[in-house]
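Following: one structure in structure tokens, then a few remarks.
For ligands, and for the atoms within them, numbers begin at 1 and follow the listed sequence.
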Amino acid sequence: MTALALMGLLPENASTTGSVNLDGENLLQKSEAEMCRVRGNKMAMIFQEPMTSLNPVHTVGRQIMEPLRLHKGLSKSSAMQEAIRLLDRVGIPNPAERVSNYPHQLSGGQRQRVMIALALSCSPDVLIADEPTTALDVTIQDQILELIQTLVQEEGMSLVLISHDLGVIAENTDNVIVMYGGTVVESGKTDHIFDQLTHPYTQGLFAAMPKVGMGRGKRLTTIPGTVPDLINLPSGCTFTDRCPLASDICAGNIPPVNQMEGSHLVTCHHLQQAVSARSKGLYE
Ligand code: SF4
């Protein structure tokens, strides 16, 4: 939802507060026509499942050509040449032939590469990748993440990577924002967050990761309870119902944002208890 809000793609009945600033402009104040010039041009998104994000009735070439013609004003033949170059750039074999394929004629990994080519077509300043490898097996996942990293560095783009996979986050980001129930619970440099797991939810996420050598038959650690109803969130801390450190103050009062070392921020009423709990294991 946050990524869709950044792109101005929320459902019509959604409401937003705050601001989305890009190049000194608040995107929330732009009209739909103005946002059409931003989307795909300055800011692009790689969606989770390319099979449902790509249009099944158009060739992949036509879909890559569309933003090139719309935003860059390329002629049909130049756009086709550029689409072939982009397919080659993202590692699609025989791009001159593949450009005429429909999405169903490609494998899952190839479809995701097409999505990346589409997102890159107008050299955006910001690339949002929303769980870009969820639908892929582990080997292809590595290849796609490596491709995204290479392209981001070579093209000088900023990357916003959304993932539940902590390994993916550790290897591919400089800064992390941990969100729970639609709110930011912890943020800071990736090294700091991974080194100093502080917020009870962040500790729970790490505790839930399978550990090498944990032994056959041993159950994985879980965070008790379930995610709250997002329409009807608790009035205080959104993690109250599941947090081992929760007390009365948590249920009715929005927790304070605590400044840790550097840019590291933790939103919690019981910061000291959370800090002391991390060495003992809050969920063991
Ligand atoms: S504010 Fe309370 S419920 Fe929320 S994370 Fe901190 S201790 Fe847990």
Nearest 0.5 angstrom please: I193 CD1 to H199 NE2, how far? 11.0 Å

Is R89 salt-bridged to E154, cutoff N-O under 4.0 Å? yes

Sub-3.5 Å donor-acceptor pair from the side chain of Q63 to the main-chain atoms of H58, do we have one? yes

How far is atom 6 (Fe) of ligand 1 from its nearest protein heavy atom, and which residue and atom name does that atom have? C268 SG, 2.3 Å

Top protein contact for atom 8 (Fe) of ligand 1, by heavy-atom distance: C243 SG, 2.4 Å

Look at atom 1 (S) of ligand 1 and say which protein heavy atom is nearest, naming residue and atom and giving the distance to 0.1 Å. H269 N, 3.2 Å

Would a distance-only check, ignoring hydrogens and angles, find a side-chain to backbone donor-acceptor pair under 3.5 Å from N258 to T267? no

Contact check, H199 vs ligand 1, heavy-atom distance below 4.0 Å: yes

Taking NZ, NE, NH1 and NH2 as the nitrogens, is one of them in E32 or R39 under 4.0 Å from a carboxylate oxygen of the other? yes

Checking only N/O/S atoms, does C237 have one that is under 2.8 Å from atom 4 (Fe) of ligand 1? yes

Does a side-chain N-to-carboxylate-O contact under 4.0 Å join K42 and D23? yes

In terms of atom number and element, which parts of ligand 1 are under 4.0 angstrom from non-hydrogen atoms of P200? 5 (S)

Starting from atom 2 (Fe) of ligand 1, locate the nearest protein heavy atom and write down its residue, its atom name and how far away it is, to 0.1 Å. C250 SG, 2.3 Å

